[in-house]
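Note that these values count all heavy atoms, side chains included, but never hydrogens, waters or copies made by symmetry.
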Amino acid sequence: MVQLIVGHKGSGKTKAMVEMANRAVKESKGNVVVVEKDVRLTYEISSQARLVYSDEYAISGYDAVYGFITGLLAGNYDITHIYVDPIFKMCGRDFEAFTQMVNRLENLPAAKEVTIVFTLSCEPEDLPYHLRDMLIKKW
């Protein structure tokens, strides 16, 4: 299941994602993965979560993110949550490409049992209509 945290820059999206990830670590019976662009969340994310820096793996572009997430799922059947922050900084602000990636993830059998959360710096009105149902809440 894909969920979206959407809001303008500085609206608290990352803080909300950190709280969600740390809560998931406490409540989940599986593994929690946080994909972050750089090292700024090192001390905010629970050490029990797997923190991955996208820059270290040269992840850029929506196909690369899709491949990385599917690789995580293929390599570890115990993943319950994946958090990706900030997707537009990793891949660019391309709503069509983002939508295509989300649709591919939603159709993956392995992703049906996993909560995948993306943070997006935009307004909910900017999203294609069918993605608006994935909003957690507006920040």
Side-chain angles (χ1 to χ4, degrees):
M1 164 180 53
V2 175
Q3 296 179 328
L4 308 175
I5 299 175
V6 175
H8 62 313
K9 184 176 180 175
S11 60
K13 298 178 305 295
T14 299
K15 181 180 177 186
M17 186 218 55
V18 166
E19 290 171 3
M20 289 175 67
N22 287 337
R23 188 175 336 110
V25 164
K26 292 177 184 174
E27 297 172 357
S28 172
K29 295 189 184 332
N31 296 316
V32 175
V33 178
V34 178
V35 181
E36 176 66 30
K37 182 148 177 57
D38 52 41
V39 298
R40 65 189 169 105
L41 296 182
T42 301
Y43 301 106
E44 294 180 48
I45 298 292
S46 169
S47 62
Q48 294 175 333
R50 172 72 167 112
L51 184 56
V52 178
Y53 306 116
S54 65
D55 286 349
E56 287 183 0
Y57 292 91
I59 301 170
S60 65
Y62 292 100
D63 286 338
V65 171
Y66 176 81
F68 192 79
I69 290 173
T70 56
L72 287 170
L73 295 173
N76 185 342
Y77 294 105
D78 293 335
I79 293 176
T80 59
H81 296 79
I82 299 173
Y83 297 90
V84 182
D85 176 61
I87 191 68
F88 284 161
K89 282 190 181 175
M90 288 180 206
C91 303
R93 190 179 170 101
D94 184 340
F95 288 103
E96 184 176 333
F98 176 73
T99 300
Q100 290 173 0
M101 181 195 65
V102 167
N103 290 340
R104 289 171 67 195
L105 286 171
E106 285 280 300
N107 289 320
L108 259 180
K112 299 233 186 276
E113 302 300 318
V114 178
T115 301
I116 304 171
V117 179
F118 294 98
T119 63
L120 292 95
S121 289
C122 66
E123 295 302 322
E125 302 80 38
D126 297 338
L127 293 173
Y129 285 103
H130 73 282
L131 293 183
R132 294 179 189 180
D133 292 338
M134 299 174 185
L135 289 172
I136 295 174
K137 74 175 207 178
K138 181 182 173 187
W139 271 265

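Pairs passing the salt bridge (charged side-chain N to carboxylate O under 4.0 Å, His left out) check and including a residue from residues 72-81, sequence neighbours excluded, do not occur. Applying the salt bridge (charged side-chain N to carboxylate O under 4.0 Å, His left out) definition to pairs two or more places apart or across chains, none involves residues 21-33.
Shown here are the side chain to side chain donor-acceptor pair (under 3.5 Å) partners of T14, two or more places apart in sequence or in another chain: D85.
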Inset, instruction - Could you walk me through whether M134 and Q3 pass the side-chain contact (heavy atoms from CB on, under 4.5 Å) test, one step at a time? - result: CA-CA 5 Å; M134 299 174 185; Q3 296 179 328; 5.5 Å; no
Inset, instruction - Go through the steps to decide whether V2 and T115 satisfy the test side-chain contact (heavy atoms from CB on, under 4.5 Å), and finish with yes or no. - result: CA-CA 6 Å; V2 175; T115 301; over 6 Å; no
Legend entry - K13 vs V6, side-chain contact (heavy atoms from CB on, under 4.5 Å): CA-CA, chis, key distance, verdict: CA-CA 7 Å; K13 298 178 305 295; V6 175; 5.6 Å; no
Legend entry - Candidate pair E123 and H8, rule side-chain contact (heavy atoms from CB on, under 4.5 Å), full reasoning: CA-CA 6 Å; E123 295 302 322; H8 62 313; 3.5 Å; yes
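Using a 4.5 Å heavy-atom cutoff, the side chains of N31 and R50 are not in contact. D133 has its side chain out of reach of L135: every pair of non-hydrogen atoms, C-beta onward, lies at least 4.5 Å apart. At least one side-chain heavy atom of L4 sits less than 4.5 Å from a side-chain heavy atom of L127.
Rounding to the nearest 0.5 angstrom, the gap separating the CD1 atom in I69 from the CG atom in L108 is 9.5 Å. Rounding to the nearest 0.5 angstrom, the gap separating the NE2 atom in H81 from the OG atom in S28 is 5.5 Å. The structure places OG of S121 at 8.0 Å from CZ of F88, a figure rounded to the nearest 0.5 Å. Considering CE of M101 and OH of Y66, their distance stands at 10.5 Å, rounded to 0.5 Å. Separation of atoms NZ (K37) and SG (C91) is listed at 9.0 Å; rounding is to 0.5 Å. The distance from atom CD1 of I136 to atom OG1 of T119, rounded to the nearest 0.5 Å, is 10.0 Å.
Below 30°, between 30° and 60°, or above 60°: for Y57 and F68 the angle between ring planes is between 30° and 60°, a tilted geometry.
Between F118 and Y83, the ring center distance fails the sub-6.0 Å criterion.
For the pair K89 and D38, the salt-bridge criterion is not met [side-chain N within less than 4.0 Å of a carboxylate O].
Both I87 and F95 sit in one connected hydrophobic cluster of ILVMFWY residues. Membership requires side-chain heavy atoms under 4.5 Å apart, directly or through other members.
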